[in-house]
> 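Mind having a look at this structure? Questions to follow.
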2 protein chains.
Amino acid sequence: MRDVAARAGVSAMTVSRVLKDERVSATTRERVLAAVRELGYRRNEVARTLRLGRPSGMIGLVVTNLGNPFYSRLALGAESVAEEYGLRLVLGNTASQVQRERELVEDLISRRVDGVIVVPAGAAHPHLSPATLGGTPVVFASQPPSEIEADAVLVDDFGGAREATAQVLSEGHRSVGFLGNPPGLFTAAERFRGYWAAHEEAGLTPHEEWVRRGPHDISTAEAAAMELLDGEDAPTALFCSNNRITLGAYRAVWRLGASTALAGFDDFEMADMLQVPVTVVSYDAEEVGRRAARLLLDRIEQGPDASAGSARRTVVPTSVVRYGA
Amino acid sequence: MRDVAARAGVSAMTVSRVLKDERVSATTRERVLAAVRELGYRRNEVARTLRLGRPSGMIGLVVTNLGNPFYSRLALGAESVAEEYGLRLVLGNTASQVQRERELVEDLISRRVDGVIVVPAGAAHPHLSPATLGGTPVVFASQPPSEIEADAVLVDDFGGAREATAQVLSEGHRSVGFLGNPPGLFTAAERFRGYWAAHEEAGLTPHEEWVRRGPHDISTAEAAAMELLDGEDAPTALFCSNNRITLGAYRAVWRLGASTALAGFDDFEMADMLQVPVTVVSYDAEEVGRRAARLLLDRIEQGPDASAGSARRTVVPTSVVRYGA
DNA sequence: CTGTTAGCGCATTCAT
DNA sequence: ATGAATGCGCTAACAG
C-alpha cells in the first residue's frame with residue numbers, strides 16, 4: 001500500500017480510502033487506481049481482518065465424509081448462501097473421527113472464522129460447547145447437539161421412515177425387514193424408530209429376526225440382505241436406513257432374482273428403473289446446507305450477544321416417492 | 001496473549017514461546033499453560049500470519065460444480081493431502097461462470113492463500129496468469145490451462161474414450177453412436193477424439209447422423225438418445241461422454257426396451273446391474289485432487305522462485321470396465 | 001531462560 | 001479532502 005501511495009504521490013491513508021470507496025477527490029482517486037493497476041496491488045485481507053478486529057469473513061464447514069453426496073450437496077447449499085453474503089467456506093473432513101473434529105474446529109476458531117457448521121462425528125462434543133468456542137457461533141447439521149445448546153438443522157428422519165414403511169405396509173406386505181446402521185447415530189436411531197412406529201400404527205410388530213442393525217455400507221448391507229432373503233421365511237420387503245444400504249439390498253435382490261420390495265431413506269438415481277418396486281424417502285440435501293448457513297448468518301449478525309434467542313431447531317421435510325410396478 | 005502473560009506473571013513473549021514449543025523452563029511453561037487453559041485462550045492465527053509474513057496456511061479450491069460427484073471427490077482428495085500438511089481448504093463454487101471464477105480467485109489471493117487449485121470454467125483465463133496471481137502458485141485440474149504456463153492434472157480423456165470405444169467395436173458393433181457435451185470443453189473434445197480414433201484404427205468412420213454433441217445433462221441426453229434409437233437405422237451401441245449422458249442414454253434404452261449396448265466415460269453405481277451390456281471408463285477422481293494438491297504443495301515449498309521448473313503436467317490413468325452379459 | 005523493542009499491513013482518530 | 005500518529009495480536013531480533 002505504501003508503494004501504491006508513493007507512486008500516486010499520496011499517503012497510504014488515501015489509498016486505503018479509495019479502496020474503501022470513501023470520499024476522495026475524483027482526480028486523486030483516478031491516480032490511486034491507476035497506481036493500483038500498474039502495480040497489480042491487492043489489499044491484504046489478513047492485515048485488514050486484524051486491524052478491524054472482525055472475524056475473517058469465512059465460515060467453517062466440518063463434515064464427516066465429503067465423499068458422500070449428501071454432504072457434498074450440503075456443502076453446495078451452504079456455499080451458495082455464504083456466497084450471497086460474500087463469505088468464504090473453509091472445509092474440513094473429519095472422516096467421522098471425533099479427534100479430527102476437535103482439532104479442526106480448534107483451528108477454525110484460531111483462524112477467526114465468523115462461525116462454524118458441523119455435522120458431528122460422535123455422540124459427545126464438549127469441544128463444541130459455547131464456552132470452548134469462545135463466542136463463535138456454531139450450527140449443527142444432520143445430527144442434533146447433545147448436552148449443549150446450539151442451533152440445528154435436521155432432516156425428518158422419523159417421519160420419513162415411518163411414512164415409507166407405512167407405504168410398504170399399505171401395499172399388503174406383512175413381513176418388512178430392517179437393514180441399517182447401528183443406532184449410535186441419531187439419524188439411524190430415528191429412522192429405526194420410524195420403521196417401528198409405522199408397524200405399531202398398523203397393529204403390527206416387526207420380527208426381530210428381520211432386523212439387521214449392523215450394516216454400514218454397500219457390501220455389508222448386501223451380505224446382510226443375502227442372509228435375510230435367502231432363508232425360508234424371508235421378508236417380502238425391506239426398509240433400508242440410507243441409500244448405501246438400499247443399494248446393497250438391491251444387489252442382493254438382483255443376485256437372487258428375488259422380487260422383494262424395497263423401501264429406503266434417501267432418493268437415488270435409477271431408483272425408477274429397477275426390477276422391483278422401490279419406495280424412497282426423498283429430501284433436499286442442499287436445503288440442509290442452506291438453512292444451516294442462514295441460521296449461522298443470523299447468529300453472526302446478532303453479534304456477540306448471540307445467546308440472546310435460545311437454540312433454534314429446524315427440520316427439513318421429506319417426501320415419499322414410490323417407483324416401479 | 002497479554003492477559004495470559006499477566007495471569008502467568010510473565011511477558012507476552014514467553015507465552016508466545018510456550019505456544020511455539022520453544023525452550024522455556026518447565027515451571028514457567030506449566031504456569032503459562034495453566035493460564036491458557038483457565039482463560040480459554042487461543043492464539044490468533046490471523047495476527048500470526050500477518051506477523052510471519054507467510055501465507056495463511058490455506059489453499060483455495062475453485063470448482064465448477066460441487067454438486068457433481070466428480071468434483072466433490074476431487075475436493076476430498078485435495079483435502080486429504082492438504083490435511084497431511086496442516087493446511088486448510090477454502091472452497092469456491094463457480095457454477096461454471098467465468099466471472100465468479102475471477103472474483104473468487106481474486107478474493108483468495110487477497111486472503112493470502114498458499115496456492116490455488118482451479119477447475120477452470122471457461123476456455124480463457126487471463127485472470128489466472130502468473131502475473132495476475134502475483135506469485136501465488138496455481139494448479140489446473142481436469143482442464144488444462146490455455147495460453148498460460150501452469151501445472152495441471154488431467155484425466156486420460158482421449159485414451160479412455162478410445163479404449164472403451166474400441167472395446168465396443170471389438171464386440172462386433174459397427175454402428176456406434178456418440179452422445180456428449182459440446183466440444184467447447186477440453187474434456188469433451190478429447191473424448192470425442194478418442195471415440196473417433198478408435199473407429200479409424202478399426203478402419204471405420206462414424207456416421208455423422210449418429211453423432212449428437214448437444215446434450216449436457218441427463219434429460220437432454222435421454223431425448224437425444226430417444227431420437228437416435230427410435231429410427232429405422234438406429235445404432236446398436238452408444239458411446240456417452242460422461243456419466244450424466246450415460247444415465248440419460250440408459251433411460252432411453254430402458255423406456256424403449258432396446259438392447260443397445262452402452263459405453264461411457266465415468267464409472268457409476270449399478271452399472272453392473274443394467275439390462276444391457278455397459279462398458280465404462282473408470283478413474284480415480286480423488287486421485288486427481290490428491291495429485292493437484294501435491295503439485296501445488298511442491299510449488300509452495302519451492303518458494304517464490306516457483307517458476308523454477310517449467311509447467312508440469314500429469315495424467316491420471318483410466319481403465320475400461322465391461323459390465324453385463 | 002526471559003524481556004524489550006519494533007513492525008507485519010491496514011484503518012480509526014484526530015489534525016490540518 | 002488529505003495526512004500523521006497509533007495500535008490490532010503476534011513474533012524476530014536483539015538484549016540481559
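Predicted model only: the values in this text are computed from it and were never measured.
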> Restricting to side chain to side chain donor-acceptor pair (under 3.5 Å), what partner residues turn up for B/R42, sequence neighbours left out?
A/E106
> Taking ring-ring contact (aromatic ring centres under 6.0 Å, His included) as the test, write out the residues that go with A/Y283, two or more places apart.
A/F70, A/F265
> Can you sort out which residues in residues 31-47 of chain B have a heavy atom within less than 4.0 Å of DNA chain C? Ascending by number, please.
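Going residue by residue through residues 31-47 of chain B, none turns out to have a heavy atom under 4.0 Å of DNA chain C.
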> OP1 or OP2 of C/dC10 less than 4.0 angstrom from a side-chain nitrogen or oxygen of A/S16, does that happen here?
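No, outside the criterion.
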> Report the residues that fulfil ring-ring contact (aromatic ring centres under 6.0 Å, His included) with B/Y71, sequence neighbours left out, ordered by chain and then residue number.
none
> Quick test: give all pairs of protein nitrogen or oxygen and nucleotides 12-16 of chain D nitrogen or oxygen below 3.5 Å, distance rounded to 0.1 Å.
residue, atom, partner, partner atom, Å
D/dA12, OP2, B/K20, NZ, 3.2

> Show me, pair by pair, the donor-acceptor contacts under 3.5 angstrom made by side chains of residues 77-85 of chain A, not counting sequence neighbours?
residue, atom, partner, partner atom, Å
A/E79, OE2, B/N93, N, 3.2
A/S80, OG, A/G77, O, 2.8
A/E83, OE1, B/R100, NH1, 2.9
A/E83, OE1, B/R100, NH2, 3.0

> Listing request: all salt bridge (Lys or Arg N to Asp or Glu O under 4.0 Å) pairs with a residue in residues 46-69 of chain B, at least two apart in sequence or in separate chains.
B/E45-B/R48
> Less than 4.0 angstrom between a side-chain N/O of B/S11 and OP1 or OP2 of C/dT4, yes or no?
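For C/dT4, neither OP1 nor OP2 has a side-chain N or O of B/S11 closer than 4.0 Å.
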> Can you give me every donor-acceptor pair (side chain of residues 10-19 of chain B, partner residue at least two apart or in another chain, under 3.5 Å) with its distance?
residue, atom, partner, partner atom, Å
B/S11, OG, B/M13, N, 3.3
B/S11, OG, B/T14, N, 3.4

> Distance check: side-chain N/O of B/T49 vs OP1/OP2 of D/dC10, anything under 4.0 Å?
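B/T49 to D/dC10 OP1/OP2: no side-chain N or O under 4.0 Å.
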> Could you pull out all donor-acceptor pairs under 3.5 Å where a side-chain atom in residues 114-137 of chain B meets a protein atom, sequence neighbours excluded?
residue, atom, partner, partner atom, Å
B/D114, OD1, B/S56, N, 3.4
B/D114, OD1, B/G57, N, 2.6
B/D114, OD1, B/M58, N, 3.2
B/H125, NE2, B/S146, N, 3.0
B/H127, NE2, B/E101, OE2, 2.8
B/S129, OG, B/P126, O, 3.2
B/S129, OG, B/T132, N, 3.4
B/S129, OG, B/T132, OG1, 2.6
B/T132, OG1, B/P126, O, 3.1
B/T132, OG1, B/S129, O, 3.4
B/T136, OG1, B/L133, O, 3.4

